[in-house]
Number of protein chains: 2
Amino acid sequence: MERITIEDVAARAGVSPTTVSHVFSGHRPVRSETKALVERVAIELGYRPNAVARSLRVQRTNTAMIILPDITNPFYPVFARGVQDVLRAGEYHTLLCNTDSREEEERAFLDEAISRRLDGVVFMGYWVSPEELLDVATAGVAVVNLGEGVPGAPIDSVRSTDEEGARDATAFLLGRYGSAVALIDGTMFAPVARARTSGYQRALRSAGLVPVPEYEVSEEFTREGGSRGMAALLDLADPPRAVFCANDQIAIGALQEAARRGLSVPADIAIVGFDDIDAATMVRPNLTTVRNSPDALGAHCGELLLSRMTGEFTGPGRDVVIPAELVIRESA
Amino acid sequence: MERITIEDVAARAGVSPTTVSHVFSGHRPVRSETKALVERVAIELGYRPNAVARSLRVQRTNTAMIILPDITNPFYPVFARGVQDVLRAGEYHTLLCNTDSREEEERAFLDEAISRRLDGVVFMGYWVSPEELLDVATAGVAVVNLGEGVPGAPIDSVRSTDEEGARDATAFLLGRYGSAVALIDGTMFAPVARARTSGYQRALRSAGLVPVPEYEVSEEFTREGGSRGMAALLDLADPPRAVFCANDQIAIGALQEAARRGLSVPADIAIVGFDDIDAATMVRPNLTTVRNSPDALGAHCGELLLSRMTGEFTGPGRDVVIPAELVIRESA
DNA sequence: GTGAAAGCGCTAACAC
DNA sequence: GTGTTAGCGCTTTCAC
């Protein structure tokens, strides 16, 4: 594994390193014969430009990082592809990082983004505070947060109408199945979980009801979390007639737990999810859920990030909100 | 956005850059008061080590790349997490890259890995030839291929018993539903598709049958591909009694197409998938499929890559094969 | 149209 | 236990 540098190519082609550099960058005209010669020599020698050296020199990496809580939740891969598509069009490379919802990992990746001098990061996390994100931005990394805005910081945000979506779903359940509507939420460390809880409670209050603690269980945003949550609810002396789940993974787990107990959905217990992942239409009964658009969210994150990374935009944080709407299917 | 370097810290702490460097790396002892002072100053100044400069100097990036065909196929995120887990334990960072099964993207990412001087890459592709992978290895990037081995190259490989799994699934279908067993495969550019086709044909031949072209359709490895494939098969003058699908996404699409036509599975048409993704037990009927272990495959890829990146192993390619076995559920 | 030379921020001989 | 110094491979100003 020889290491061929621009100097080797220059020497062999009988030109200066400067010229070789310009042949590759196109930053200034080079006589066409010289250019052809350099290109031939480069191939002959197996020259591969060193992006590390280049990044050090130009102080840019042309790379962005996407930090996500759970790559195995089908919502996120679609989201990631959305941002990746727009970033690629802007000649940026994208690194996808998975925190598994762990606090240390969230910090580690953010740190990584800073020390690698990445140009930007799209972040979704449960633990890191807005101030910490501000540190990242201050270090010169463009940042867009998938979630709440960061007041007073040059950080863009993109989110769905989580609270409203949760409220609508709950109101729908209340209207159709009466007042015994419970909630299975994800970890309450997640801002998105708090938003959905708040929407749920708001719907209850609007209907003149008082949220009862036993009807609000908090689990992981996974199928297993959903099963556990449903089990807890069903074991109550007075189990609910319907349950709103903070995401589809949870809802599917809940569905399975109901089936395991021989309960029919929605006849015995109604279930609504959130996200509308592919699997929502694969399970039986099909999931009534709140449509969240991972691709649209991703595309917006990409646009906002791109405009900051290129320097085209340098103002205060912009906030994009995408409507999430109830999709009624079979499970409620 | 000031740019604080190791020199700034050194100057302010009244020591040499060398000492600052060693405070952070621990590569040589530093008097404890000096150390404390340097650390304090670093924080005061907001110093962030520049990993780009470091990488250029030490000729290592401590980073590996995973290149995958379709991040929205649930099989791959699980696989990726498997490799990531072992790499993280080895202090390596992992970039996840999605080619969307596109030829240019496969090449672009591989190229990227070389020019960024990444330490290693775990690759799964449809288009890139073994020789091209060899180029990557020659450029000094450790590589492990998720799929076939690369004869004579210092490239490790990890794969499932795709051919045997396909053969077993087909044989099972043949035994239970008679000779009219069809195949819906993914793009034939994918080596894995060819292996599964060959297993399917081998089972047919073992049963004294001759594969008929009309019963072999090739689509994408997606739900849509599965629906289209199933539609084509069902539109045949003489439709099959059972179909083996090259992955679960295809099988689920096929299942849905059958449902759309009012056909009952497996009573009217039996379906078997491959992979055993989560969704296999979410659909109705539950999918009979061939279990492929994304986490085990991932872990092995991680181990092999790690041993090469650290230099602990430098021999010829090692090939790991993981058994894939039939799981009988309801769809066949 | 082309080249010389400085320097991006860091590490690691080598010296003391 | 600490410092001097020479690069890692590239881009870009300045000069011709």
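Chain letters run A, B, ... following the sequence lines, proteins first and then strands; every chain starts at 1.
With hydrogens and angles left out, the side-chain atoms of A:D295 and A:S293 include no donor and acceptor closer than 3.5 Å.
For the pair A:L37 CG and C:dG1 P, the computed distance is 16 Å after rounding to whole Å. When the P atom of C:dT11 is taken as reference, atom CG of B:N62 falls 12 Å away, rounded to whole Å.
Considering all non-hydrogen atoms of both residues, A:F313 and A:R308 come closest at CE2-NH2, 3.4 Å.
Counting only heavy atoms from C-beta outward, the side chains of B:D8 and B:Y47 never approach each other to under 4.5 Å. Side-chain contact between B:S160 and B:L297: present, with at least one pair of heavy atoms (C-beta onward) separated by less than 4.5 Å. Counting only heavy atoms from C-beta outward, the side chains of A:I71 and B:L96 approach each other to under 4.5 Å.
Nearer the 5' end of DNA chain D, as judged by each residue's closest nucleotide, is the contact made by B:S32, out of B:S32 and A:I6.
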Original post:
What does nucleotides 2-8 of chain C look like as a protein-contact string, B for base, S for sugar-phosphate only, - for none, at under 4.0 angstrom between heavy atoms?
Top reply: BBBBBBB

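Residue B:F24 is out of contact with every strand shown, counting any heavy-atom pair closer than 4.0 Å.
Look at B:S21 and you won't find any side-chain N or O under 4.0 angstrom from OP1 or OP2 of C:dC10.
Expressed to the nearest 0.5 Å, how far CZ of B:F189 lies from OG of B:S101 amounts to 11.5 Å.
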